[in-house]
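Here the structure is a predicted model, which means the values were calculated and not measured. Values below: every heavy atom of this structure, side chains too, minus hydrogens, waters and symmetry copies.
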Number of protein chains: 2
Amino acid sequence: MPSKNIKKKPDINTELKIKSAARVVFQKKGYAATRTRDIAEEAQVNLALITYYFRSKEKLFQLIMVETLANFFQKLGLLFNDEASTLEEKVQLIAEKYTDLLLEDPEIPLFIMSEIRSHGAAVLKNIPVAGNIMQSVFMKQYKEAVQKGKIIQMEPIHFLINLLGLVVFPFVNSPTIKKVGDLTNRQFEQLMQERKKLIPVWINAMCHAR
Amino acid sequence: MPSKNIKKKPDINTELKIKSAARVVFQKKGYAATRTRDIAEEAQVNLALITYYFRSKEKLFQLIMVETLANFFQKLGLLFNDEASTLEEKVQLIAEKYTDLLLEDPEIPLFIMSEIRSHGAAVLKNIPVAGNIMQSVFMKQYKEAVQKGKIIQMEPIHFLINLLGLVVFPFVNSPTIKKVGDLTNRQFEQLMQERKKLIPVWINAMCHAR
DNA sequence: GTCTATAACGTGATAGAC
DNA sequence: GTCTATCACGTTATAGAC
C-alpha cells in the first residue's frame with residue numbers, strides 16, 4: 001500500500017522550486033534576457049543546482065516551453081471541444097474562461113509569441129491542439145450555422161481571429177492600453193471583466209452584419 | 001552654393017548601412033538575443049565600426065527604438081487626427097492604412113510589445129502621440145456619435161481596443177495563424193487584404209449591437 | 001544533494017596599425 | 001574610416017569538497 005504521500009508543500013522540493021522559478025523568469029523576460037543567476041535567485045537556490053537538475057539553461061527552457069504550450073493549448077482545446085454547449089454558449093464560455101485564464105497568467109501569450117519569433121514556429125510542432133483548432137467542435141458548429149443561414153458568411157479563419165483577438169489583444173498590449181487609457185491595474189482588470197460579457201454580444205453582431 | 005549632394009545610393013554610407021541592419025536584426029530578434037556581430041554581418045561591415053559610429057550596442061538600440069516608435073506612432077497619429085473625414089471614413093482609413101503599414105513592416109508591433117515588456121513601459125514616455133490618442137479627432141468624433149445616439153454606448157477604450165485589435169492581432173500572431181489555418185505567406189497576405197474591407201463592416205455592426 | 005571555486009566560452013568594447 | 005588582434009567582463013557549466 002502507498003505510504004509516502006504525506007508530503008504537503010510541493011516547493012520544498014528543490015527541483016520543483018527551480019522549475020517554478022524558471023517559469024516565472026522566462027515568462028517575464030524571455031529566454032535571451034534571462035540569466036541562470038536570475039532563476040537561482042528567484043528560486044532561492046544555489047546556482048550550481050540548476051545544472052545538477054536540468055543539465056543546461058537551454059534544456060530547462062525547452063521543458064518550460066513545452067509544458068507551457070501544452071497546458072495552455074490543452075485548456076483552450078477543452079473549451080473549443082465542449083460537447084454539451086451550443087455555438088452561442090461556446091462563444092460565451094470561451095470569452096469568459098479564456099479571459100479568466102489570462103487574468104491569472106497575463107504574460108503567457110506575449111511569452112509564446114516572442115519565443116516563437118526568436119526560436120521559430122517549430123515549437124508548435126508537437127503541441128496537439130494547436131493544429132486541430134479548425135477541426136474542433138466549436139468550428140464545426142460555426143460552419144454549420146453559416147450553412148443553415150443562421151449567421152452571415154464570414155470565413156471561419158476570420159471568425160476565429162476576431163474572437164481570439166478581442167480576448168487576447170488587450171493582454172498583450174496592456175502597458176500601452178494602461179498608458180493610453182490612464183488606467184490602474186485594478187481598472188484594467190475591471191475592463192477585462194466587462195469584456196467577458198461584451199465580447200459575445202459584439203461577436204454576435206459581427207455575425208449578423210449586412 | 002551647395003555642391004556635394006550628388007551622392008546617389010544612401011546605403012553606400014557605412015553609418016546608414018549599420019543603422020538599417022540594426023533595425024532589421026533588433027526588430028527580428030529583440031535586444032537581448034541580438035549580438036553586435038549579427039548586426040555587423042547583416043550590414044556586411046567590420047564589427048569595430050559599430051562602436052566607432054554608435055559607441056555601444058545599447059546606444060544604437062535606443063536610437064533604433066526611439067526612431068521606430070516615433071515613426072510608427074506619428075503615422076498612426078496622422079490617421080487618428082485627419083480633419084477632413086467623418087467617423088465612418090476614418091474607421092475605413094485606419095483599417096486600410098494601418099494594415100498597409102503592417103503588411104510592409106509586420107514585425108513592428110511585436111517588437112514594440114516585447115521590448116516594452118523587458119525594458120519597461122518607460123520607452124513610451126517621450127513619444128508624443130502615444131498618450132494623446134484618447135484626445136484625437138477620431139475619438140472625439142466617436143464620443144460625439146455616441147452622445148447623439150447614432151451608435152450605441154460602448155466605452156471609448158473598448159472601441160479603441162477592438163478596432164486596433166482586429167487590425168493588429170493577426171500580425172502579432174501570424175505564425176500561429178498560418179499554422180492553424182494552413183496558410184502560405186501569400187494566402188495570409190490575401191487574408192489581411194480582405195480584412196481591410198471587412199473590419200469597418202464589423203466595427204459598424206458592433207456599434208449597433210443591441 | 002548542496003556548496004565553493006573555477007574553468008570555458010561568448011560577447012561588447014578598444015588599441016593601434018594601415 | 002577601416003581593419004586585425006585582443007582585452008575585459010559576464011555568464012554558463014563543471015570539478016571536487018563536504
Worksheet item: To the nearest Å, how far apart are A/Ile39 CD1 and D/dA13 C1'?
Response: 14 Å
Worksheet entry | Row check, B/Tyr31 ring normal vs B/Lys57 NZ/CZ: under 6.0 Å, within 45° | yes
Taking distance alone, no hydrogens or angles, what donor-acceptor pairs closer than 3.5 Å link side-chain atoms of residues 95-104 of chain B to residues at least two apart or in another chain?
unit_1: B/Thr99; atom_1: OG1; unit_2: B/Ala95; atom_2: O; d: 2.5
unit_1: B/Asp100; atom_1: OD1; unit_2: B/Lys196; atom_2: NZ; d: 2.7

Can you name the ring-ring contact (aromatic ring centres under 6.0 Å, His included) partners of [X], sequence neighbours left out?
X	value
B/Phe169	none
B/Phe73	none
A/Phe159	A/Phe138, A/Tyr142

Hey, can you pull the donor-acceptor pairs under 3.5 Å for the side chains in residues 77-87 of chain A, sequence neighbours left out?
unit_1: A/Asn81; atom_1: OD1; unit_2: A/Val137; atom_2: N; d: 3.0
unit_1: A/Asn81; atom_1: ND2; unit_2: A/Gly77; atom_2: O; d: 3.0
unit_1: A/Asp82; atom_1: OD1; unit_2: A/Ala84; atom_2: N; d: 2.9
unit_1: A/Asp82; atom_1: OD1; unit_2: A/Ser85; atom_2: N; d: 3.1
unit_1: A/Asp82; atom_1: OD1; unit_2: A/Ser85; atom_2: OG; d: 2.9
unit_1: A/Ser85; atom_1: OG; unit_2: A/Lys90; atom_2: NZ; d: 3.1
unit_1: A/Thr86; atom_1: OG1; unit_2: A/Glu89; atom_2: N; d: 3.2
unit_1: A/Thr86; atom_1: OG1; unit_2: A/Glu89; atom_2: OE1; d: 3.4

N/O-N/O pairs, protein side and nucleotides 5-12 of chain D side, under 3.5 Å:
unit_1: D/dT11; atom_1: OP1; unit_2: A/Arg35; atom_2: NH1; d: 3.3
unit_1: D/dT11; atom_1: OP2; unit_2: A/Arg35; atom_2: NH1; d: 3.0
unit_1: D/dT12; atom_1: OP1; unit_2: A/Thr36; atom_2: N; d: 3.1
unit_1: D/dT12; atom_1: OP2; unit_2: A/Thr36; atom_2: N; d: 2.9
unit_1: D/dT12; atom_1: OP2; unit_2: A/Thr36; atom_2: OG1; d: 2.5

Discussion item. Using a 4.0 Å cut-off to any heavy atom of chain B, which nucleotides of DNA chain C are the first and last in contact, reading 5' to 3'?
Written reply: C/dT11 to C/dT14
Worksheet item: Going by the side chain to side chain donor-acceptor pair (under 3.5 Å) test, which pairs reach into residues 161-178 of chain B, not counting sequence neighbours?
Response: A/Arg195-B/Asn162, B/Lys178-B/Asn185
Discussion item. By the salt bridge (Lys or Arg N to Asp or Glu O under 4.0 Å) test, which pairs, at least two apart or in different chains, include something from residues 33-52 of chain A?
Written reply: A/Lys29-A/Asp38, A/Arg35-A/Asp38
Practice prompt. Tell me what B/Phe54 touches on the nucleic acid: a base, only sugar-phosphate, or nothing, going by heavy atoms under 4.0 Å.
Written response: nothing
